[in-house]
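The structure displayed is predicted, hence computed values, not measured ones. A note on names: the letters A, B, ... follow the listed sequences, proteins ahead of strands, and every chain is numbered from 1.
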Protein chains: 2
Amino acid sequence: MSSHFKTTARPTIIDVAEAAGVSKSTVSRVLQGDAASVKPDTRRAVTRAIRKLGYEHNAIASMLRTARTFMVMLITPDIANPFWSEVARGLQDTLERPGYSVVVGNGDQDSERENAFLKTARRNRFDGIAINPTKIHRRTLLATGIPTVILGIRDGFAGLDMVGSDSFQGAFEALTYLYQMGHRRIGFIDGRYVTEQGRARAQAYAEFLKQHNLEPDPSLKVEVPFDRAGGQRGMRVLLSLAHRPTAVFASNDILALAAMQTAQEAGLNVPRDLSIIGMDDIYPTAMTMPGLTTMAKQKYETGCQAARLLLERIEGTALREARRCALPCQLVERGSVAPRS
Amino acid sequence: MSSHFKTTARPTIIDVAEAAGVSKSTVSRVLQGDAASVKPDTRRAVTRAIRKLGYEHNAIASMLRTARTFMVMLITPDIANPFWSEVARGLQDTLERPGYSVVVGNGDQDSERENAFLKTARRNRFDGIAINPTKIHRRTLLATGIPTVILGIRDGFAGLDMVGSDSFQGAFEALTYLYQMGHRRIGFIDGRYVTEQGRARAQAYAEFLKQHNLEPDPSLKVEVPFDRAGGQRGMRVLLSLAHRPTAVFASNDILALAAMQTAQEAGLNVPRDLSIIGMDDIYPTAMTMPGLTTMAKQKYETGCQAARLLLERIEGTALREARRCALPCQLVERGSVAPRS
DNA sequence: CTGAAAGCGCTAACAA
DNA sequence: TTGTTAGCGCTTTCAG
């Protein structure tokens, strides 16, 4: 079967105008739903002509004229990462109603790639940008001249709207929860960001120990890269300790899941022998046995909220002040944490 | 800190022309890298002016003129589904090089939503469409007049390029693998599609039984919806059988994972008491204990290949014939299958 | 309430 | 090799 698409010359607003016996301004008016300024009869005639000719509005032409594209660029490290794909979903769903499309760019923690997407956003005159910056600086973002919202709570982005999760609160509550379950010797697998960020969890850990008068034991805290191998290594280190922890908090679910797997492979029963709690609440946490207890970040909601801030900025209804919106993490109990035996 | 973005009037090609003392055509030529037809000196002068003025090419204007947008619409049921986000990644990575941006639309198995995205693609004069159609028909797609590639191997889309996985082969090999591991009594948790598709796996199951002279036992095959609850129910039914299977094949990993969890909750040891194999190879399969053995679909590669076909279609270098590309599934052994004891 | 006219910023013949 | 010219299809004053 041969493949071919109709390449008929599409009718323009002028064709419609002729067919309806009016001027193109009038057609344009009904197209824009300018209700008040077009007589019902005229409107009907135009509508009929539109349908008859199969006319389809050319958004490109109107973009050129109005300098509005209804396009938003979303830049995250990787859309295939379930965390970001959920944020993306929230952003898209919220932006869809008012008619925006979103282009997603995978920055891959790479300066050149992030910049390339920024460039596309500028060249294509996008109306907005939502970005989780890894290698991009505040100045660069401001210089685009395009309304921008930062995904994640980060320092060094003054003057830009920001929405993310309250990691400090999340980590603190995770630790407090373990404490309430009777745990006193709590390990901490700390993901090390490539960038400077992410100190919130470590600060929460320190603060937690202090508040509960727990002796800080350096051997209980292990810093690893933010991936499966890291979680594996972190757990191995903790298991090798003469005086093992009874519970472990990991900076995110990837680490926690890998840690749990590692503990199980070592013959431990989770949560009987060891409790584990993570952070983020990504898709796989419900799939394991036991399910992973975690401090859920509101990923979808983050995307929605980012979209709202961005819309206000684009439409100019926002206050001049940059806003910072930290959504709280919420405990989701699944089964990887038990009272200390 | 107040938020404000420079809203300087951007310089146009004319400003550059003036500054460089040439005509705008010349500027346009160097902008398009029309190397042969611009004297090096002139080119340099223009380049300098561009940099000096901070000129940035206006893609919208050139879209209007050239009728090319370098935009592609990707429509899948849900980008937050790890399966589709991987396909998306492949598509994006491949389309990025030649300068295309991709807008992702979440169809949600909803006719209206799918149609809305198609409409956006038309109004914005997108150059291409990649879609996994759930409620959209061939005619509608053809009528867009936009080069389109179907994601997934499906009937009823004659005349359109198509790329997906060979589910029949995948299912057949999964079953054969179980057979080779000594299993003879093999359960089948069959995901029921909303649409008519997806019979390939059931056909493979039937064919497999026949080839190996295994008596078809209706009680071993249970049809369920394609979600976690389905997998759970499927496994419960199989476990309730007087004569239980020793191995189970599930239509996809979501079902398989839920089934495995259910079996474990029932006190079975996987794979010692029961072997389980899935299909797709989604992200969480590596996170469970044991890891899920599965027939991997080449998701990323599907996206890449779809992009390639689409590019050929857009650039008109493709044959007229529609192409159908079925990528083979590959066995990934993780630990949920063991020889029959 | 409707029409005429002037572009938005760029590309692409066609001349020179 | 470069410039001139005529739009791409739409929106938006400004008149009437």
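Remark: A/R113 fails to qualify as a cation-pi partner of A/F117 under the 6.0 Å distance and 45° angle criteria applied to the six-membered ring.
In this structure, the nucleotide among D/dT2, D/dG9, C/dA12 sitting nearest to the side chain of B/T26 is D/dT2. Ranking C/dG9, C/dC1, C/dT11 by closeness to the B/K24 side chain, first place goes to C/dT11. Comparing atom distances between the B/V38 side chain and each of C/dT11, D/dT2, C/dC1 picks out D/dT2 as nearest. With C/dC10, D/dT4, D/dT11 as the candidates, the nucleotide lying closest to the side chain of B/I13 is C/dC10. The side chain of B/S62 approaches C/dC10 more closely than any other nucleotide in the set D/dT2, D/dC10, C/dC10. The side chain of B/S37 lies closest to D/dT2, out of D/dT2, C/dC1, D/dC10.
The CZ atom of A/R29 lies 12.0 Å from the NZ atom of A/K24; values are rounded to the nearest 0.5 Å. Residue A/I13 holds its CD1 atom at 12.5 Å from CD of A/E18, rounded to the nearest 0.5 Å.
With hydrogens and angles ignored, a donor-acceptor pair under 3.5 angstrom links the side chain of B/R29 to the base of D/dG3.
Phosphate contact (OP1/OP2 of D/dT2, side-chain N/O of B/S23, threshold under 4.0 Å): absent. OP1 and OP2 of C/dG9 both lie 4.0 Å or more from every side-chain N or O belonging to B/T12. The phosphate of C/dC10 (OP1 or OP2) has no side-chain N or O of B/Q32 nearer than 4.0 angstrom. Between B/S28 and C/dT11 there is a side-chain polar atom (N or O) within less than 4.0 angstrom of OP1 or OP2.
A heavy atom closer than 4.0 Å to some atom of DNA chain D occurs in no member of residues 40-53 of chain A.
Taking both residues in full, the closest heavy atoms of B/T69 and B/F126 are given as OG1-CA, 3.5 Å, listed atom of the first, atom of the second, then distance.
The nearest whole Å value for the distance from the CZ atom in B/R65 to the P atom in D/dA6 is 13 Å.
In terms of position along DNA chain D, the nucleotide closest to B/S25 lies nearer the 5' end than the nucleotide closest to the other residue of the pair B/S25 and A/S25.
In this structure, A/E301 pairs ionically with A/R308, as a charged nitrogen and a carboxylate oxygen lie closer than 4.0 Å. Ionic pairing of B/R122 and A/E56 is present here: one or more N-O contacts between side-chain nitrogen and carboxylate oxygen are shorter than 4.0 angstrom.
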